[in-house]
Amino acid sequence: QLQLVESGGGLVQPGGSLRLSCAVSGFTLDYYTLDYYAVAWFQQAPGKEREGVSCMSSSGGSTNYADSVKGRFTISRDNAKNTVYLQMNSLKPDDTGTYYCAVRRGGCYYYAMDYWGKGTLVTVSS
């Protein structure tokens, strides 16, 4: 099974920026690199359900974003490093929460991700 480890969370002022990283390991013989997987980021705000933030197809040719983060967040991947990134700019207090990385063989479907990380906490406050 794959293992996912997020990093890069922390405390930041409104209007600031953070870059989250997700290192993926444990690939199988048949699906042996990150190239085979769609990748996604989720946010769980305090007291709320987990929601999809962004997803990128396995080919890298298609991305989507939640309306609340369009124009501010950017998802990317480096398949050679088996790493997923989320660049977060112009951060708002509502962006506060635990951010999870997830991957799936096949297309981008927030409700059917195969593997998850344990999350990294982002706090946006002055």
Side-chain angles (χ1 to χ4, degrees):
Q1 292 186 336
L2 298 187
Q3 294 83 48
L4 283 63
V5 180
E6 301 96 337
S7 62
L11 176 64
V12 64
Q13 293 182 327
S17 298
L18 284 174
R19 187 196 192 207
L20 306 184
S21 298
C22 174
V24 185
S25 61
F27 295 100
T28 68
L29 292 176
D30 290 331
Y31 304 98
Y32 57 91
T33 69
L34 190 60
D35 307 59
Y36 294 93
Y37 296 84
V39 299
W41 288 94
F42 293 75
Q43 179 201 10
Q44 186 166 20
K48 298 184 178 180
E49 72 276 11
R50 186 180 303 177
E51 297 182 347
V53 172
S54 181
C55 190
M56 175 178 284
S57 64
S58 58
S59 68
S62 178
T63 59
N64 59 68
Y65 296 91
D67 289 341
S68 61
V69 307
K70 287 181 179 178
R72 300 189 298 119
F73 290 10
T74 303
I75 189 172
S76 62
R77 65 197 294 160
D78 187 336
N79 291 330
K81 296 181 178 179
N82 293 325
T83 302
V84 188
Y85 304 98
L86 184 68
Q87 179 67 46
M88 305 187 295
N89 298 326
S90 302
L91 283 162
K92 305 175 180 179
D94 285 347
D95 297 321
T96 293
T98 301
Y99 284 76
Y100 298 88
C101 180
V103 303
R104 180 182 187 272
R105 292 200 296 269
C108 278
Y109 298 103
Y110 288 131
Y111 56 85
M113 306 305 294
D114 293 328
Y115 302 99
W116 294 81
K118 295 182 179 180
T120 185
L121 180 62
V122 172
T123 302
V124 184
S125 176
S126 59

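Throughout, numbering of the chain's residues begins at 1 and tracks the sequence. Note that the structure is a prediction, hence the values are computed from the model and not measured.
Interatomic distance, OG of S58 versus CG of L34, reported as 9.5 Å (0.5 Å rounding). The distance from atom CZ of R19 to atom OG1 of T74, rounded to the nearest 0.5 Å, is 11.0 Å. Rounded to the nearest 0.5 Å, atoms OH (Y99) and CG (L86) are 7.5 Å apart.
In this structure D30 satisfies the salt bridge (charged side-chain N to carboxylate O under 4.0 Å, His left out) test with no other residue, sequence neighbours excluded. Residues meeting the side chain to side chain contact (heavy atoms under 4.5 Å, CB included) test with S57, sequence neighbours left out: S59, S62. For the side chain to side chain contact (heavy atoms under 4.5 Å, CB included) test, residues two or more places apart in sequence or in another chain that qualify with S68 are A66. Checked against side chain to side chain contact (heavy atoms under 4.5 Å, CB included), S17 has the following partners two or more places apart in sequence or in another chain: Q87, N89. Not a single side-chain hydrogen bond (donor to acceptor under 3.5 Å, both in side chains) links R105 to another residue, sequence neighbours left out. Under the side chain to side chain contact (heavy atoms under 4.5 Å, CB included) criterion, A23 pairs with no residue at all, not counting sequence neighbours. Shown here are the salt bridge (charged side-chain N to carboxylate O under 4.0 Å, His left out) partners of K48, two or more places apart in sequence or in another chain: there are none.
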- Item | Intermediate values then yes/no, side chain to side chain contact (heavy atoms under 4.5 Å, CB included), N82 and F27 | CA-CA 10 Å; N82 293 325; F27 295 100; 3.5 Å; yes

- Taking it one step at a time, do S21 and Y85 satisfy side chain to side chain contact (heavy atoms under 4.5 Å, CB included)? CA-CA 5 Å; S21 298; Y85 304 98; 3.4 Å; yes

- Query: Run the side chain to side chain contact (heavy atoms under 4.5 Å, CB included) check on Y37 and L2 step by step: do they pass?
  - Reply: CA-CA 11 Å; Y37 296 84; L2 298 187; 3.6 Å; yes

- Query: Going through the distances and angles, do S54 and Y65 end up as a side chain to side chain contact (heavy atoms under 4.5 Å, CB included)?
  - Reply: CA-CA 4 Å; S54 181; Y65 296 91; 3.2 Å; yes

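Follow the hydrophobic side-chain contacts under 4.5 Å out from Y115 and you reach Y31 in the same cluster.
Residue Y111 is found in a hydrophobic cluster whose other members, listed by chain and number, are Y109; membership requires side-chain heavy atoms under 4.5 Å apart, directly or through intermediates. Alongside W116, the hydrophobic cluster contains F42, Y100, Y110, M113 (criterion: ILVMFWY side chains under 4.5 Å).
The nearest pair of heavy atoms linking A38 to C55 is CB-SG, 4.5 Å. L91 approaches L18 most closely through the heavy-atom pair CD1-N, 3.9 Å.
The main-chain N or O of T96 is found under 3.5 Å from a side-chain atom of Q43 such that the two form a donor-acceptor pair.
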Show which side-chain atoms of residues 118-126 pair as donor or acceptor with protein atoms under 3.5 Å away, not counting sequence neighbours.
{"unit_1": "T120", "atom_1": "OG1", "unit_2": "G9", "atom_2": "N", "d": "3.2"}

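When side chains are defined from C-beta on, I75 counts as touching V39, because their heavy atoms get closer than 4.5 Å.
Within the structure, no pair that satisfies the salt bridge (Lys or Arg N to Asp or Glu O under 4.0 Å) test touches residues 49-59, not counting sequence neighbours. Pairs of residues two or more places apart, or lying in two chains, that qualify as salt bridge (Lys or Arg N to Asp or Glu O under 4.0 Å) and include a residue from residues 76-103 are R72-D95.
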